[in-house]
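The next block holds one structure in the form of structure tokens; read it before the comments.
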Protein chains: 2
Amino acid sequence: MNTTSSRGAGTRPEGAPRRRADAERNIAAILDAAAGCLGRQPQVSMADVARAAGVGRVTLYAHFPSREVLLEAVLDRTIAQAGAVIEQSQPDEGPADDALRRLLRSSWQVLDRHLRLFDVAQRELGPARLREHHDPAISRIEHLLARGQKEKTFRTDLPLNWLVTCVYTLLHAAADDVNNGRLAQKKAGHVLEATILSALAVPPNGSQRRAG
Amino acid sequence: MNTTSSRGAGTRPEGAPRRRADAERNIAAILDAAAGCLGRQPQVSMADVARAAGVGRVTLYAHFPSREVLLEAVLDRTIAQAGAVIEQSQPDEGPADDALRRLLRSSWQVLDRHLRLFDVAQRELGPARLREHHDPAISRIEHLLARGQKEKTFRTDLPLNWLVTCVYTLLHAAADDVNNGRLAQKKAGHVLEATILSALAVPPNGSQRRAG
DNA sequence: CTTAACTCGAACACCAATGTACGAGTTAAG
DNA sequence: CTTAACTCGTACATTGGTGTTCGAGTTAAG
């Protein structure tokens with residue numbers, strides 16, 4: 001028991017001896033680095049994360065005894081962040097389409113990082129473990145879209161599930177295009193908003209086939 | 001030089017001694033298996049592919065000396081398939097939106113497999129090698145969307161690149177939802193069509209903000 | 001200043017995947 | 001039927017990631 005007392009590092013048990021300041025700092029740096037790396041490239045190694053955090057590989061393992069544990073910690077943190085940001089945009093206030101606009105404008109970037117991480121977690125932790133975390137961000141958007149359908153602001157000819165998929169998917173795509181220089185960062189917000197709202201809008205009468 | 005004469009297996013050089021029938025059969029089985037596996041799970045091992053093809057691992061390596069070579073072979077084959085299917089829907093005939101409808105109806109499933117494979121290839125072969133293959137399928141869709149913009153059938157307030165991204169992305173998402181049981185196979189075609197055409201349609205006047 | 005917490009590099013065991021070598025057995029083709 | 005092509009299992013070398021151990025050095029905290 002040399003390198004730290006191998007505590008979980010995620011949430012310190014109140015009873016145990018307090019953690020030192022530099023340890024706390026390193027843990028934060030690791031979580032930041034991990035969130036960044038995993039967002040960019042899903043298969044980053046622990047060594048990569050450690051390097052990105054400016055920390056020895058051993059130190060990383062001291063705080064997070066396995067890749068799995070690290071992943072869960074990062075996941076928890078990101079879920080909390082995303083949840084907070086979403087809540088800030090007051091998704092329950094006013095017309096659903098306005099609320100969605102606010103939400104997209106304020107936080108599509110944060111949400112994208114969230115989605116990417118979710119993707120990794122789904123693959124490496126399995127869908128079961130994912131569900132245990134009960135993601136408020138994801139259900140938030142679903143809730144908003146459901147409200148929009150109920151108020152006839154959003155189309156009802158397509159299932160709610162699919163609308164959710166569309167929002168996530170396009171969000172993700174926009175962030176991807178920005179990352180690869182196919183879409184200007186500045187325009188992304190507007191483009192995304194225009195596309196999603198068109199996709200979700202109640203379609204005009206003659207749109208089932210060509211207008212007869 | 002025991003196991004086969006280690007020829008490329010992709011395209012046989014006309015001068016060399018002809019290939020035996022069972023070899024040809026195995027190569028086909030391997031390509032099928034690889035295409036299937038890679039579509040479902042990007043990180044399948046060579047051993048997995050061999051097993052799926054009902055072939056020894058050594059035999060696999062006899063025909064495709066490395067994972068890279070196999071990947072390129074599968075890629076070539078899939079590109080050819082997708083190209084043919086797309087061409088069949090006559091994307092240059094009639095109004096652009098009708099053409100797109102035909103294209104989606106007839107081949108969104110094939111196209112999705114194509115996209116998944118492209119994803120793996122991008123990661124493992126790098127973007128450079130990808131461009132060498134000069135994918136006709138991808139440029140086909142881009143061409144169709146460009147035509148639609150020129151004819152004012154599709155919206156012009158968003159860049160062409162982004163429209164392309166939308167089509168690919170939603171295609172992919174629909175296939176994914178079907179795979180995970182979130183969307184009924186039967187409904188997928190219609191749902192996809194309705195969503196994409198809404199997203200691409202020329203927006204009504206007051207849609208920049210709320211209709212003032 | 002003393003101590004316990006913390007960090008670090010180096011070295012190790014372990015595992016899974018890739019790719020190679022061999023030798024014996026099968027099978028298509030002439 | 002003879003031959004060359006082909007297949008297969010086993011075994012091996014290599015690589016790259018994971019997780020652990022050790023021992024010595026550094027640093028926060030009292």
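So you know, we letter chains A, B, ... as the sequences are listed, proteins then strands, and number each from 1.
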**Request:** Check every atom of C:dA29, D:dA28, C:dT18 against the side chain of B:Ala21 and return the nucleotide holding the closest atom.
**Result:**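 Of the options given, the side chain of B:Ala21 lies nearest C:dA29.
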
**Message:** By nearest atom, which of the nucleotides C:dA28, D:dT10, D:dA28 is closest to the B:Val58 side chain?
**Reply:**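 Selected nucleotide: D:dT10.
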
Protein-nucleotide distance ([X], atom [atom1]; [N], atom [atom2]), rounded to Å:
X	N	atom1	atom2	value
B:Leu60	C:dG19	CG	P	10 Å
B:Met46	D:dT15	CE	C1'	15 Å
A:Ile30	C:dC8	CD1	C1'	13 Å
B:Leu71	C:dA17	CG	P	17 Å
A:Glu68	D:dG19	CD	C1'	13 Å
B:Tyr61	D:dC12	OH	C1'	14 Å
A:Leu70	D:dG19	CG	P	10 Å
B:Arg20	C:dG30	CZ	C1'	12 Å

**Request:** Would you jot down, in residue-number order, the residues of residues 49-57 of chain B having a non-hydrogen atom under 4.0 Å from DNA chain C?
**Result:**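 Heavy-atom contacts with DNA chain C come from B:Arg57.
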
**Message:** With rounding to the nearest 0.5 angstrom, report the CG to CD1 distance, A:Leu171 to A:Ile141.
**Reply:**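 Between atom CG of A:Leu171 and atom CD1 of A:Ile141 there are 7.0 Å.
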
**Request:** Could you grab the distance from atom CZ of A:Arg116 to atom CZ of A:Arg40, nearest 0.5 Å is fine?
**Result:**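 Interatomic distance, A:Arg116 CZ to A:Arg40 CZ, rounded to 0.5 Å: 10.5 Å.
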
**Prompt:** What residues, two or more places apart in sequence or in another chain, satisfy side chain to side chain donor-acceptor pair (under 3.5 Å) together with A:Arg129?
**Reply:**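 A:Arg129 satisfies side chain to side chain donor-acceptor pair (under 3.5 Å) with A:Glu68, A:Glu72 once adjacent residues are dropped.
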
**Request:** For A:Gln43, enumerate each residue passing the side chain to side chain donor-acceptor pair (under 3.5 Å) test, keeping only those at least two apart in sequence or located in another chain.
**Result:**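 A:Gln43 satisfies side chain to side chain donor-acceptor pair (under 3.5 Å) with A:Gln41 only.
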
**Message:** The criterion is side-chain contact (heavy atoms from CB on, under 4.5 Å); which residues satisfy it with A:Asp76, sequence neighbours excluded?
**Reply:**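 For A:Asp76 the side-chain contact (heavy atoms from CB on, under 4.5 Å) partners, ignoring immediate neighbours, are A:His133.
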
**Message:** Test of understanding: with side-chain contact (heavy atoms from CB on, under 4.5 Å), list the residues that count as partners of A:Ala121, not counting sequence neighbours.
**Reply:**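 Per chain and number, A:Ala121 pairs via side-chain contact (heavy atoms from CB on, under 4.5 Å) with A:Leu75, A:Leu125, A:Leu130.
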
**Message:** On DNA chain C, compare the nucleotides closest to A:Asp22 and B:Val44; which residue's is nearer the 5' end?
**Reply:**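 Its nearest nucleotide being more 5', the pick is A:Asp22.
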
**Message:** Below the 4.0 Å mark, does C:dC6 have OP1 or OP2 next to a side-chain nitrogen or oxygen of A:Asn26?
**Reply:**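 Checking C:dC6 against A:Asn26, no side-chain N or O comes under 4.0 Å of OP1 or OP2.
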
**Message:** Below the 4.0 Å mark, does D:dT7 have OP1 or OP2 next to a side-chain nitrogen or oxygen of B:His63?
**Reply:**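 Result: yes.
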
**Prompt:** Cut-off 3.5 Å, side chains only: do B:His172 and B:Asp119 have a donor facing an acceptor?
**Reply:**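 B:His172 vs B:Asp119: no donor-acceptor pair found between side chains.
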
**Asked** So how far off straight is the helix from C:dC1-D:dG30 to C:dG30-D:dC1, going by the axes through five pairs at either end, to 10°?
**Response**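 Nearest ten degrees gives 30° for this helix.
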
**A:Arg105 side-chain N/O to A:Glu193 backbone N/O, donor-acceptor pair under 3.5 Å** =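 A pair under 3.5 Å: no.
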
**Prompt:** Are A:Asp98 and A:Arg102 ion-paired here, with the side-chain N under 4.0 Å from a carboxylate O?
**Reply:**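 Judged by the 4.0 Å cut-off on N to carboxylate O distance, A:Asp98 and A:Arg102 do not form a salt bridge.
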
